[in-house]
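Note that ligands are numbered from 1 as they come in the structure, with each ligand's atoms numbered from 1 the same way.
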Amino acid sequence: MLLPDPSPLFTGKEIQLRVNELANEIATDLNGADLVVIGLLRGCFVFTSDLVRALSEQGTAIQEVDFLVASSYGSGTESSGNVKIEKDIKIDIAGKHVLVVDDILDTGNTLQKVLQLFSSRKPAWLKTCVVLDKSERREVDIEADFSGFSIPNHFVVGYGLDYDQKYRELPYITVMRDDLSA
Ligand code: 5GP
Ligand code: MG
């Protein structure tokens, strides 16, 4: 049986500091422009809520927040590589400054598909921000514009990330490990 390792990879405090740094980098890049934030559900929900508040503290006005549902993982820990847009955004992004927020960049299939869709709608500025980057696993040529932490190829949970829908609420990020006591 797999369980979350009680000793975190990144503590809540470490994540908070990094989120503030990311917000600062994004605000600098925006140079005063208002921002539309689009999160990729469901894993993004914790990070998105922290990031929009950190951006606000940096003086960035958030025009709108919307969410898109894409799926590439079934249950468990393996990506299917076959990305489906299950729920599109409701807002018009043409001419706007748009930041796509995801929890983790893994194979890159999800973000690539979403970026293709959004760039066809002609935003003025389209960038991506993720908390975690597992570059070892990349299958397509894509990098996030703003990335919190690089991690090796481990399946992680917490801070919005799940294992079969569990552990999203953990305030830290940790690796799933074999339960040695079982
Ligand atoms: P990609 O399309 O880049 O392979 O997949 C990205 C999505 O896969 C992420 O948004 C996330 O939902 C899921 N994913 C990838 N790696 C992990 C991981 O280590 N833990 C969890 N919980 N989800 C992951
Ligand atoms: Mg996801």
Check your understanding: What do you reckon, is NZ of K84 surrounded by more than 12 foreign heavy atoms closer than 6.0 Å?
Key -> no
Would you tabulate the side-chain donor-acceptor contacts of residues 153-161 under 3.5 Å, counting partners in other chains and residues two or more places apart, or write 'none'?
from, atom 1, to, atom 2, distance (Å)
Y159, OH, D50, OD2, 2.6

Review point. Just distances here: any N/O of F155 and N/O of ligand 1 closer than 3.5 Å?
Key: no
Check your understanding: Does R42 come within less than 4.0 Å of D162, counting only side-chain N to carboxylate O?
Key -> no
Point to revise | Any residue meeting side-chain hydrogen bond (donor to acceptor under 3.5 Å, both in side chains) with E86, in chain and number order, not counting sequence neighbours | key: S71
Review point. Would you say R18 and F10 make side-chain contact, with heavy atoms under 4.5 Å?
Key: no
Review point. Just heavy atoms, cut-off under 4.0 Å: does D102 contact ligand 1 by side chain, backbone, both, or neither?
Key: side chain
Exercise for review: Would you indicate whether the side-chain heavy atoms of D103 and L40 approach each other to under 4.5 Å?
Suggested key: no
Exercise for review: Please verify whether a non-hydrogen atom of G43 lies at under 4.0 Å from ligand 1.
Suggested key: no
Check your understanding: Does V83 reach ligand 1 with a nitrogen or oxygen that is under 3.5 Å from one of the ligand's nitrogen or oxygen atoms?
Key -> no
Review point. Taking D66 for the side chain and K90 for the main chain, is one N or O donor matched with an acceptor at less than 3.5 Å?
Key: yes
**Study point:** Under 4.0 Å to a heavy atom of D162 - the qualifying atoms of ligand 1, by number
**Key:** 21 (C), 22 (N)
Exercise for review: Check each heavy atom of H154 against ligand 1 and say whether those closer than 4.0 Å belong to the side chain, the backbone, both or neither.
Suggested key: backbone
Revision key, fill the gap. For T110, the ligand 1 atoms with a heavy-atom partner under 4.0 Å come out as 1 (P), 2 (O), 5 (O), 6 (C)
Review point. Hey, which of D133, D106, N109 is the one that makes side chain to side chain donor-acceptor pair (under 3.5 Å) with R138?
Key: D133
Review point. Applying a strict 4.0 Å limit to heavy atoms, is V156 in contact with ligand 1?
Key: yes
Point to revise | Proximity winner for atom 1 (P) of ligand 1, if only heavy atoms of I173, D133, L41, T107 are counted | key: T107
**Study point:** D106, portion touching ligand 1 at heavy-atom distance under 4.0 Å
**Key:** both
Review point. Does ligand 1 have any atom sitting under 4.0 Å from a heavy atom of K134?
Key: yes
Practice item. Run down the list V131, I104, D103 and name the one with the heavy atom closest to atom 24 (C) of ligand 1. Key: I104
